[in-house]
Trainee: 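So that we are looking at the same thing, I have put the structure below in structure tokens.
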Amino acid sequence: MSTSQERSVVLVTGASSGIGEACAELLSARGHTVYGTSRQARAGQPARYAMLELDVTQEDSVRRAVATVLEREGRVDGVVNNAGHALAGALEDTSVEEAWKQLDTNVLGVLRVCRAVLPGMRERRSGRIINIGSLGGVVGLPFQGFYSASKFALEGLTESLRQELEPFGIQAALVQPGDVRTRLTDNRVRAAGSGEGSAYHAAFETVLGIIEKEEREGVPPEDVARCVLSLMEAPSMPVRVSVGKLAQRAAVVAKTVLPAKTFEGVLMSMYGLKKRG
Ligand SMILES: NC(=O)c1ccc[n+]([C@@H]2O[C@H](COP(=O)([O-])OP(=O)(O)OC[C@H]3O[C@@H](n4cnc5c(N)ncnc54)[C@H](OP(=O)(O)O)[C@@H]3O)[C@@H](O)[C@H]2O)c1
């Protein structure tokens, strides 16, 4: 994808709803050849782009979907690593298995997709990888510890990837959305231990109520899609771009300028949590 005029072949993971669907719609409306993915093949394909079955937690499934695109198009020019879900719960209430599933999808899923598309991109000495991170990958969110951990991981992973891929003419970037109105809120998985028996139950419910309200009042997924499109078509991709409400994006700046404990206090009060002393 070297200029905005070229038709590129783009794979968008998790395109059955929300941000991924908006990206697939916009990229294809712009004339790019888009392959969206979902874990379930559904009857009735979108008119503008093809949908393939792909589960980012299954290596075979990822390889099959990428092989299909390569067979049909001969190349993959761009990837939007978007598939993901959110786990909520106090760290103490989160089992290793629950944490593993969160990281398996949100982090190792990106690894599996990258490993499947990069050989072809290296051969052609061109390609773009856009990883959908989160502002929750810059600021640790209470009761979303492993969701935040997964998105913090994407920050470091994308920085590393950029440097490794640079000699091959391949670019990588991270998009950090704030709250976006999607099915992520309804699809959120609650740690099994976060029920009424949890020592954190009351605080967890208060914080999650605030988080979910903010998500439902978040920006539309099309805002993120416009950001992804402009990255795909920019001559050179920046390391990261945040997208969302100004107040949420400002938190990233505030974290760098405020003393850490002051910033933490502001964050806690936003979520209705009290600091002792
Ligand atoms: N919504 C927000 O406020 C927000 C903010 C920051 C970042 N994000 C990030 O944006 C991305 C998209 O989320 P969304 O908000 O658009 O949520 P969404 O509407 O729930 O969409 C999630 C997508 O991911 C797919 N998916 C989930 N698990 C998968 C797996 N194991 N393999 C393949 N696909 C899988 C789902 O497809 P199927 O179920 O059809 O397989 C669906 O298409 C996520 O990475 C999320 O962390 C969202």
Side-chain angles (χ1 to χ4, degrees), residues 11-26 34-46 49 51-66 79-88 100-113 116 130-139 141 144 146-155 157-158 174-189 208 210-225 227-228 240-245 248-249 251-252:
L11 180 71
V12 181
T13 66
S16 61
S17 76
I19 293 171
E21 185 176 22
C23 289
E25 283 287 346
L26 186 62
V34 174
Y35 285 83
T37 77
S38 162
R39 282 168 295 182
Q40 285 126 30
R42 290 179 179 85
Q45 294 266 327
Y49 55 92
M51 282 294 282
L52 300 175
E53 205 177 306
L54 184 156
D55 183 339
V56 295
T57 67
Q58 303 297 320
E59 184 128 10
D60 284 355
S61 163
V62 172
R63 298 237 164 235
R64 262 197 311 276
V66 171
V79 170
V80 184
N81 276 314
N82 165 78
H85 72 90
L87 169 70
W100 166 253
K101 280 188 184 159
Q102 176 72 104
L103 298 176
D104 197 17
T105 301
N106 290 12
V107 183
L108 298 180
V110 171
L111 173 67
R112 292 184 187 97
V113 173
I130 298 178
N131 294 330
I132 305 297
S134 170
L135 291 183
V138 183
V139 174
L141 302 171
Q144 297 220 81
F146 264 89
Y147 179 70
S148 269
S150 73
K151 297 299 185 179
F152 267 73
L154 289 188
E155 293 277 333
L157 189 149
T158 308
L174 191 84
V175 174
Q176 304 163 313
D179 290 319
V180 187
R181 295 195 301 269
T182 68
R183 295 216 313 250
L184 184 97
T185 310
D186 292 330
N187 291 340
R188 176 173 279 111
V189 178
L208 204 61
I210 294 168
I211 287 172
E212 293 192 343
K213 181 173 180 291
E214 286 176 352
E215 286 169 355
R216 292 185 206 285
E217 293 170 356
V219 300
E222 289 73 19
D223 285 14
V224 186
C227 174
V228 167
R240 51 175 66 78
V241 184
S242 64
V243 50
K245 289 188 174 166
Q248 294 179 353
R249 286 186 287 129
V252 178

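Every number for a ligand or one of its atoms is a count from 1 in the order of the listing. These numbers come from the heavy atoms of this one structure, side chains and all, not from hydrogens, waters or symmetry mates.
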Trainee: Is G178 near ligand 1, meaning one of its heavy atoms is under 4.0 Å from it?
Mentor: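 Yes, that is the case, since the closest heavy atom of the residue is under 4.0 Å from the ligand.
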Trainee: Nearest protein heavy-atom contact for atom 3 (O) of ligand 1: which residue, which atom, what distance?
Mentor: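 Nearest protein contact, heavy atoms only, for atom 3 (O) of ligand 1 is V180 N, 2.8 Å.
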Trainee: Are any of the N or O atoms of T57 closer than 3.5 Å to those of ligand 1?
Mentor: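 By distance alone, the answer is no.
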Trainee: Flag G20 as yes when one of its N or O atoms lies below 3.5 Å from any N or O atom of ligand 1, and as no otherwise.
Mentor: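 No; every N/O pair is 3.5 Å or more apart.
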Trainee: May I ask you to list the atoms of ligand 1 that are less than 4.0 angstrom from any heavy atom of L54?
Mentor: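 Result: 32 (N), 33 (C).
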Trainee: Out of curiosity, is G218 lining ligand 1, as in a heavy atom under 4.0 Å away?
Mentor: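 G218 does not count as a contact of ligand 1 under the 4.0 Å cut-off.
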Trainee: When rounded to the nearest 0.5 angstrom, what distance separates CD in E217 from CG in D179?
Mentor: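 Here the interatomic distance stands at 9.5 Å.
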Trainee: Are any of the N or O atoms of D55 closer than 3.5 Å to those of ligand 1?
Mentor: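 Yes; at least one N/O pair falls below 3.5 Å.
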Trainee: Quick check for you: to the nearest 0.5 Å, what is the distance between L154 atom CG and N81 atom CG?
Mentor: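 Taking CG in L154 and CG in N81, the distance rounds to 8.0 Å.
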Trainee: V12 and C23: which non-hydrogen atoms are nearest, and at how many Å?
Mentor: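 Looks like CG1-CB, 4.2 Å.
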Trainee: Taking atom CZ of R183 and atom CD of E21, what is their separation to the nearest 0.5 Å?
Mentor: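 Reported value, rounded in 0.5 Å steps: 8.0 Å.
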Trainee: Counting only heavy atoms, tell me which of G84, G18, A65, S16 gets closest to atom 22 (C) of ligand 1.
Mentor: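 Ranked by closest heavy atom to atom 22 (C) of ligand 1, first place is G84.
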Trainee: At less than 4.0 angstrom from any non-hydrogen atom of D179, what atoms of ligand 1 do you find?
Mentor: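 Reading through ligand 1 atom by atom, the close ones are 3 (O).
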Trainee: Considering only protein heavy atoms, which is closest to atom 15 (O) of ligand 1, and at what distance to one decimal place?
Mentor: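 I find the closest protein heavy atom is T182 OG1, 2.6 Å.
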Trainee: Could you tell me whether ligand 1 has any atom less than 4.0 Å away from a heavy atom of S150?
Mentor: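 It does not; every heavy atom stays at 4.0 Å or beyond.
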Trainee: Just need the protein heavy atom nearest to atom 34 (N) of ligand 1, so name the residue and atom and give the distance.
Mentor: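 Its nearest protein heavy-atom neighbour is A83 CB, 3.3 Å.
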Trainee: At a 4.0 Å threshold, what atoms of ligand 1 neighbour a non-hydrogen atom of G133?
Mentor: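 Near G133, meaning under 4.0 Å from one of its heavy atoms, ligand 1 has 6 (C), 7 (C).
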Trainee: In the protein, what heavy atom is nearest to atom 25 (C) of ligand 1, and what distance, to one decimal place, separates them?
Mentor: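 Its nearest protein heavy-atom neighbour is G14 CA, 3.6 Å.
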Trainee: Any heavy-atom pair between the side chains of V56 and V113 that's under 4.5 Å?
Mentor: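 Yes, at least one pair of side-chain atoms sits under 4.5 Å.
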Trainee: Look at atom 8 (N) of ligand 1 and say which protein heavy atom is nearest, naming residue and atom and giving the distance to 0.1 Å.
Mentor: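 Going atom by atom, the protein heavy atom closest to atom 8 (N) of ligand 1 ends up being Y147 OH, 3.5 Å.
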Trainee: Less than 4.5 Å apart, side chain to side chain, heavy atoms only: is that true for D223 and V180?
Mentor: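 Answer no - side chains too far apart.
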Trainee: Evaluate E215 for polar contact with ligand 1, using N/O atom pairs at a separation under 3.5 Å.
Mentor: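 Looking only at distances, the answer is no, because the N/O contact criterion of under 3.5 Å is not met.
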Trainee: Using a strict 4.0 Å cut-off to heavy atoms of A15, name the atoms of ligand 1 that fall inside it.
Mentor: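 Numbered from 1, ligand 1 contributes 43 (O).
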Trainee: Once rounded to the nearest 0.5 Å, what's the spacing between atom OG1 of T158 and atom CG of N131?
Mentor: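 Reported to 0.5 Å precision, the distance equals 4.0 Å.
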Trainee: Please report the shortest heavy-atom distance between I132 and P177, naming the atom on each side.
Mentor: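 For I132 and P177, the tightest heavy-atom pair comes out as CG2-CG, 4.0 Å.
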Trainee: For ligand 1, is there an N or O atom under 3.5 Å from any N or O atom of K151?
Mentor: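 Yes, at least one N or O pair falls under 3.5 Å.
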Trainee: Heavy-atom distances under 4.0 Å decide this one: backbone, side chain, both or neither, for A86 against ligand 1?
Mentor: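 No part of A86 comes within reach of ligand 1.
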Trainee: So does D55 pair up with R64, basic N to acidic O under 4.0 Å?
Mentor: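 Not counted as a salt bridge, because no side-chain N and carboxylate O are separated by less than 4.0 Å.
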Trainee: So, taking the atom named OG in S61 and the one named CZ in R112, what distance separates them when rounded to the nearest 0.5 Å?
Mentor: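 The OG atom of S61 sits 10.0 Å away from the CZ atom of R112.
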Trainee: Indicate yes or no: does an N/O atom of T37 lie under 3.5 Å from an N/O atom of ligand 1?
Mentor: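 No, there is no polar N/O contact under 3.5 Å.
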Trainee: Polar contacts were defined as any N/O atom of the residue lying under 3.5 Å from an N/O atom of the ligand; does this apply to P177 and ligand 1?
Mentor: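 N/O-N/O distance below 3.5 Å does not exist for this pair.
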Trainee: For a 4.5 angstrom cut-off between non-hydrogen side-chain atoms, does L111 reach E59?
Mentor: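 Not in contact.
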Trainee: Checking a contact table here: which protein heavy atom is nearest atom 21 (O) of ligand 1, and how many Å away?
Mentor: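 Going by distance alone, atom 21 (O) of ligand 1 is nearest to S17 OG, 3.2 Å.
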Trainee: Would you mind telling me if ligand 1 is within reach of the side chain of N187, the backbone, both or neither, using heavy atoms under 4.0 Å?
Mentor: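 N187 to ligand 1: side-chain contact only, backbone stays beyond 4.0 Å.
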Trainee: Determine, for R188 against E215, whether the closest basic-nitrogen to carboxylate-oxygen distance falls under 4.0 angstrom.
Mentor: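 Salt bridge: yes.
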Trainee: Quick test: of every protein heavy atom, which one is nearest to atom 13 (O) of ligand 1, and how far off is it to 0.1 Å?
Mentor: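 Checked against all protein heavy atoms, atom 13 (O) of ligand 1 sits closest to L184 CD1, 4.0 Å.
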Trainee: Evaluating non-hydrogen atoms only, which member of V62, V56, N82, I132 is closest to atom 44 (C) of ligand 1?
Mentor: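 Considering heavy atoms of V62, V56, N82, I132, the nearest to atom 44 (C) of ligand 1 sits in N82.
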Trainee: Can you tell me which residue and heavy atom of the protein come closest to atom 16 (O) of ligand 1, and the distance to 0.1 Å?
Mentor: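 Nearest protein contact, heavy atoms only, for atom 16 (O) of ligand 1 is I19 N, 2.8 Å.
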Trainee: With the threshold set at 4.0 Å, does a side-chain nitrogen-carboxylate oxygen contact exist between R240 and E155?
Mentor: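 So R240 pairs with E155 through a salt bridge.
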Trainee: Counting heavy atoms only, which part of Q176 comes closer than 4.0 Å to ligand 1: side chain, backbone, both or neither?
Mentor: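 Contact part for Q176 vs ligand 1: neither.
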Trainee: I'd like to know if R216 pairs up with D186 as an ion pair, taking the criterion as any Lys NZ or Arg NE/NH1/NH2 lying under 4.0 Å from an Asp or Glu carboxylate oxygen.
Mentor: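 So R216 pairs with D186 through a salt bridge.
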Trainee: Using a strict 4.0 Å cut-off to heavy atoms of S38, name the atoms of ligand 1 that fall inside it.
Mentor: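 Once the distances to S38 are compared, the set is 38 (P), 40 (O), 41 (O).
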Trainee: Could you grab the distance from atom CG of L87 to atom CG of N106, nearest 0.5 Å is fine?
Mentor: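 The distance works out to 9.5 Å.
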Trainee: So, regarding S134 and ligand 1 (criterion: nitrogen or oxygen to nitrogen or oxygen, under 3.5 Å), is there a contact or not?
Mentor: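 Between S134 and ligand 1, no N or O pair is found under 3.5 Å apart.
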Trainee: Over all heavy atoms of both residues, which pair between A83 and T13 is shortest? Give the atoms and the distance, please.
Mentor: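 Looking at all heavy atoms of both residues, the closest pair is N-OG1, 2.9 Å.
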Trainee: Ligand 1 versus R39, non-hydrogen atoms closer than 4.0 Å: side chain, backbone, both, neither?
Mentor: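 It is both parts that get close, each with some atom under 4.0 Å.
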Trainee: Any heavy-atom pair between the side chains of L54 and V62 that's under 4.5 Å?
Mentor: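 The answer is yes; the side chains approach within 4.5 Å.
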